[in-house]
Amino acid sequence: MIITPHLLLGAAIGAKIKNFGWIIVLGLLSHVISDLIPHWDYGSGILKKFTKNKSYKILVIFFLQMLIDGLVGLIIVFVIVWQKNMLDLNNLSFMAAGVLASALPDVVLGA
């Protein structure tokens, strides 16, 4: 799945749950569950295309897509946090943990 929904789910989990252990478990679980939903994915087949063509342009485009997607997700989270005036350090740390946990599988697997 694209990264933005994972980041939003993770931030929501972190905003509601105030326990780092549960945030990590629920963030990872939310990632797995949301990936079960049929969706478009810009990374599907990228390694096959790269090994076939040996074109680094394909990899650069893939990484740029991931970077832009991640930045869009973080901007949306920041705007929501700013508008809801949830800028205290405790709240931000829980939300950051949720964002990291929910995005971790894609970061580790690179897709």
Side-chain angles (χ1 to χ4, degrees):
M1 180 171 277
I2 57 176
I3 299 169
T4 296
H6 294 307
L7 300 182
L8 296 173
L9 280 170
I13 290 168
K16 295 295 180 185
I17 309 295
K18 304 301 183 195
N19 179 302
F20 285 114
W22 279 111
I23 290 170
I24 292 168
V25 168
L26 293 173
L28 291 170
L29 188 61
S30 75
H31 184 101
V32 172
I33 291 171
S34 62
D35 270 352
L36 292 175
I37 300 168
H39 60 279
W40 170 79
D41 189 8
Y42 49 71
S44 55
I46 194 73
L47 291 178
K48 288 180 185 177
K49 290 178 186 175
F50 174 71
T51 54
K52 181 181 176 183
N53 299 338
K54 301 290 187 217
S55 170
Y56 287 97
K57 180 181 177 183
I58 294 170
L59 289 179
V60 169
I61 290 171
F62 172 69
F63 286 116
L64 283 175
Q65 288 173 332
M66 284 181 49
L67 178 67
I68 291 168
D69 183 17
L71 288 175
V72 166
L74 289 174
I75 289 169
I76 292 170
V77 168
F78 179 76
V79 167
I80 292 169
V81 166
W82 185 269
Q83 286 182 343
K84 299 288 183 181
N85 200 20
M86 302 181 334
L87 293 173
D88 69 79
L89 191 56
N90 281 336
N91 203 25
L92 289 176
S93 62
F94 290 127
M95 291 176 73
V99 165
L100 291 174
S102 66
L104 187 62
D106 281 343
V107 171
V108 170
L109 297 175

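For this chain, numbers begin at 1 and follow the sequence in order. Values reported hereafter were calculated over all heavy atoms of this structure, with side chains retained and with hydrogens, waters and symmetry mates removed. Since we're looking at a predicted model, the values are computed, not measured.
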Treat each ILVMFWY residue as a node, draw an edge where side-chain heavy atoms are under 4.5 Å apart, and state whether [X] and [Y] are in one component.
X: V77; Y: V79; answer: no
X: I37; Y: V32; answer: no
X: L89; Y: M86; answer: no

Nearest-0.5 Å distance, [atom1] of residue [X] to [atom2] of residue [Y]:
X: L92; Y: F78; atom1: CG; atom2: CZ; value: 9.0 Å
X: S102; Y: I13; atom1: OG; atom2: CD1; value: 7.0 Å
X: I17; Y: I24; atom1: CD1; atom2: CD1; value: 13.0 Å
X: L64; Y: F62; atom1: CG; atom2: CZ; value: 11.0 Å

By side-chain contact (heavy atoms from CB on, under 4.5 Å) - contacts of [X] (at least two apart):
X: V72; result: T4, I68, I76
X: A97; result: F20, I23
X: L74; result: L7, V99

Exercise. Might you confirm whether atom NZ of K18 has over 12 heavy atoms from other residues, nucleotides or ligands at distances under 6.0 Å?
Key: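 Count over threshold, so yes.
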Can you name the closest pair of heavy atoms from [X] and [Y] and give their distance?
X: N19; Y: F94; value: N-CE2, 4.1 Å
X: I3; Y: M66; value: CD1-O, 3.9 Å
X: S34; Y: H31; value: OG-O, 3.1 Å
X: A101; Y: L28; value: O-CD2, 3.3 Å
X: L8; Y: G73; value: CD2-O, 4.4 Å
X: A11; Y: M95; value: O-CG, 3.6 Å

| said: Would D35 and H6 count as a side chain to side chain contact (heavy atoms under 4.5 Å, CB included) here? Give the steps. | reply: CA-CA 9 Å; D35 270 352; H6 294 307; 3.3 Å; yes
